[in-house]
Participant: 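Below you'll find the structure I mean.
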Amino acid sequence: MLTAPVLVARADDLLHTLLTAGTRRGDAVALAVDIRPGPAGPAVVGVATTAGCWGFTAARADDAAGALAAVEDRLRPRWVWWSAAASAGPLVSRGPRLATCWDVAAVHRILAGGAVDDPARVWAFLHGLDLSSVPRTGQLDLLAGTASEPTSATADPDDVLEAGGHLRADWAGGGWARDADRAGRWARGALTARALQLDRLGAAQDADRRRATAHAESAAALLCVELGAAGLPLDVPTAEQLVGAAAGPRPRDAGHEAELRRARDDVVLRHLPERGAGVDLRNPATVRTALSRAGFDLPDTRSWRLEPWRGSSALVDALLAWRKSERVATTYGYGWLDRHVGADGRLRGAWAASDGAGGRMTAQAGLHNLPAELRPAVAAEPGRVLVRADLGQVEPRVLAAVSGDRALAAATRDDDLYAPVAARLGVDRPVAKVAVLAAMYGQTSGTAGQALAGLERAYPVAMRYLSRAYDDGWAGRSVTTYGGRRVEVGPLPAGLDEAAERAARARRGRFARNAVVQGAAAELFKAWAVTVRAGSRPLGAEVVLCLHDELLVHAPAEHADAVAALLHSCLREVALGWTGGSQVRFVADVRVVRRWSDAKD
DNA sequence: TTGACCACGTA
DNA sequence: CGTACGTGGTCAAC
């Protein structure tokens, strides 16, 4: 039934082979790439189209990269891969800039929910196979980097599949890259998986939008690989200076570090009896005891609890100041710079395209929670600028779109959505804002209560959308975002009494209500980000940071205005397609700056 | 060594 | 009784 891969003799032959097979511009071309470690290590490449599959090995990774770049230039295919991290990862640092793709793992996370996206489970899911019967490969195989023997004696050792229909564990564990023949079959497997995913998306009610989401999420996964490779441009001397201002000079050695640490601690401890004997500022329990002796009886020692005494208690002042400098000294100190900043001044961390509940992007190395006081260190390189754009009031605008509430959609025509909402409710703007946020996030206490009733009357469609999500979460049903991402709410903990169960269900309800808004906002944002990514390339610009509703583009200074215009036009384009012409308006604040912290240029 | 909790940064 | 995330600290259980 399956035809064996045809081996391409040399990397140079790849484009010719694809053209001969009738591949046209924009066709899907599946790709599996394995590049061995080392500066010029060998590469194993598998490629597949509906016409067949091929494989080749290249003595030098750059030869493989060049061959794929030639295909990209001539055919601009939709590259199909099991995951961008696995297949595009080895390539992006070697030159080829690939435009569009289909990321089987990313689409799987949309369809199935959750974060599990390895090829074996994706395959089982698409074929309705029992997930618990997915064959497992031993850790030893992964560590050794070699394929194990076939786990089933009856299986064809050259077949991707085991007798039971599962992907073979040894292949999935990396054994597909053992030779060019297997790589070709592995690429064909990805093409098959994509076809099955397309079937599922096509059967859904909102097939067009779901397919658009699949494309955007795939591109976002590729963008994440690029973000991890490119890094965030940092003005390292400024970064060192800011760290020094907060945490003191760079320690010479471990002894010096301990000495500096003692000196920092002492500024707080000298406000305590016996110079703080027995108090460890890094141990909240002892801090709480010490505060209690000083007359502050608090349930915990969090900063916001201490805030009321700022300015009136020298101890509280010293402790709050210590907390701030300790944060920089530990999480964002010299060690952090040494670990994550390269010799080229780029801050690098790993990016995930759809982690967590609603499918937001996540980033490591502190890229998503950089304290404001360090942001001046994020700076454009010479001859370049940062174009900074953030979406305004994105979540209520998203709610208007996904719920189809025409009244709320009308409010989005205003630059400040809360102004027309306040007018309609007959309340002050701050009250309207708190009420809208409370409705989306689930707060029920405080002053939002009365205004919430007004929201129910003014925007019943949007409020019904939220309460339905809440009910789903309460009952334990998964919810689905506007773009089609499944979000599981998880089971209740066992052994709860009635009150605890009610609290846990309410927590799930809030979670689900938030997930449909935050998740849809994440989908819109990523669609925007990948559209900007595509448009940036011809301008020599690149996206260097994605922060939930904010984009940072590193651009040649002469193209600053063009990139700024691009950010606006991409948002218009994406919003129009995303909302299906529902008249919901999205707005972005765009500024050209040298440093991230600059208000304007 | 691992997982829980605390604390705190961002959206 | 607002949600989500990543990181680093300490402690108790392994």
Side-chain angles (χ1 to χ4, degrees), chain A residues 115 246-247 261 265 279-288 298-307 319-320 322-333 335-336 339-340 349-375 378 390-395 398-399 433-449 452 466 469-470 473-474 479 481 487 489 499-500 502-522 525 545-552 596-597:
Chain A
R261 197 163 120 143
D265 294 2
V279 177
D280 178 356
L281 293 176
R282 293 163 192 82
N283 181 342
T286 68
V287 172
R288 184 168 170 243
L298 302 168
D300 58 60
T301 74
R302 288 182 161 88
S303 293
W304 62 269
R305 285 208 197 275
L306 299 168
E307 196 58 42
L319 182 57
L320 291 174
W322 178 89
R323 284 255 174 86
K324 210 154 183 67
S325 65
E326 182 70 5
R327 169 70 44 189
V328 174
T330 54
T331 307
Y332 301 103
W336 170 73
R339 278 193 302 279
H340 302 298
W351 289 75
S354 59
D355 228 8
R360 275 184 165 183
M361 291 171 115
T362 59
Q364 297 182 325
L367 283 158
H368 270 178
N369 41 3
L370 208 64
E373 67 253 43
L374 290 182
R375 294 191 177 188
V378 177
D390 66 290
L391 300 176
Q393 305 168 335
V394 61
E395 292 191 340
V398 161
L399 175 61
K433 178 176 177 178
V434 168
V436 170
L437 295 176
M440 287 188 298
Y441 300 156
Q443 185 187 349
T444 53
S445 60
T447 56
L452 272 175
L466 292 170
Y470 183 90
W474 174 282
V479 292
T481 65
V487 181
V489 295
R502 206 161 44 242
R505 286 183 180 278
R507 195 155 39 245
R508 284 199 317 199
R510 288 196 300 274
F511 168 83
R513 173 166 46 190
N514 181 253
V516 294
V517 177
Q518 190 186 96
F525 174 79
L545 189 76
C546 295
L547 191 45
H548 307 316
D549 65 355
E550 182 173 352
L551 270 175
L552 220 48
W596 192 11
S597 53

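For the numbers below, each heavy atom of this structure counts, side chains included, while hydrogens, waters and symmetry mates do not. Order of the sequence lines fixes the chain letters, A, B, ..., with proteins taken first and strands second; residue numbering starts at 1 for each chain.
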Participant: For a quick check of understanding: with a heavy-atom distance under 4.0 Å over all strands, which category does A/Leu367 fall into, base, sugar-phosphate or nothing?
Facilitator: nothing
Participant: Do you know the tightest heavy-atom contact between A/Ala521 and A/Val394?
Facilitator: CB-CG2, 4.5 Å
Participant: If you take all heavy atoms of A/Ala439 and A/Leu466, which pair is closest and at what distance?
Facilitator: O-CD1, 3.6 Å
Participant: Taking NZ, NE, NH1 and NH2 as the nitrogens, is one of them in A/Arg360 or A/Asp355 under 4.0 Å from a carboxylate oxygen of the other?
Facilitator: no
Participant: Please find the earliest and latest nucleotides of DNA chain B, in the 5' to 3' direction, that have an atom within less than 4.0 Å of any heavy atom of chain A.
Facilitator: B/dC6 to B/dA11
Participant: Does any non-hydrogen side-chain atom of A/Thr331 lie less than 4.5 Å from one of A/Trp336?
Facilitator: no
Participant: Base, sugar-phosphate or nothing for A/Arg375? Non-hydrogen atoms, less than 4.0 Å.
Facilitator: sugar-phosphate
Participant: Taking atom types as modelled, is there a side-chain donor on A/Asn369 or A/Tyr332 under 3.5 Å from an acceptor on the other?
Facilitator: yes
Participant: Give a yes or no on whether the backbone of A/Leu298 and the side-chain of A/Arg305 come within a donor-acceptor separation of less than 3.5 Å.
Facilitator: no
Participant: Checking all strands, does A/Ala503 fall into the base, sugar-phosphate, or nothing category for heavy-atom contacts under 4.0 angstrom?
Facilitator: nothing
Participant: In chain order, what residues pass the ring pair (Phe, Tyr, Trp, His ring centres under 6.0 Å) check against A/Trp596, with sequence neighbours excluded?
Facilitator: none
Participant: Grab the two heavy atoms, one from A/Pro284 and one from A/Thr301, that are nearest each other, plus how far apart they are.
Facilitator: O-CG2, 3.8 Å
Participant: For every nucleotide of nucleotides 4-14 of chain C, 5' to 3': is a protein heavy atom under 4.0 Å from its base (B), only from its sugar-phosphate (S), or from neither (-)?
Facilitator: SSBBSSSS---
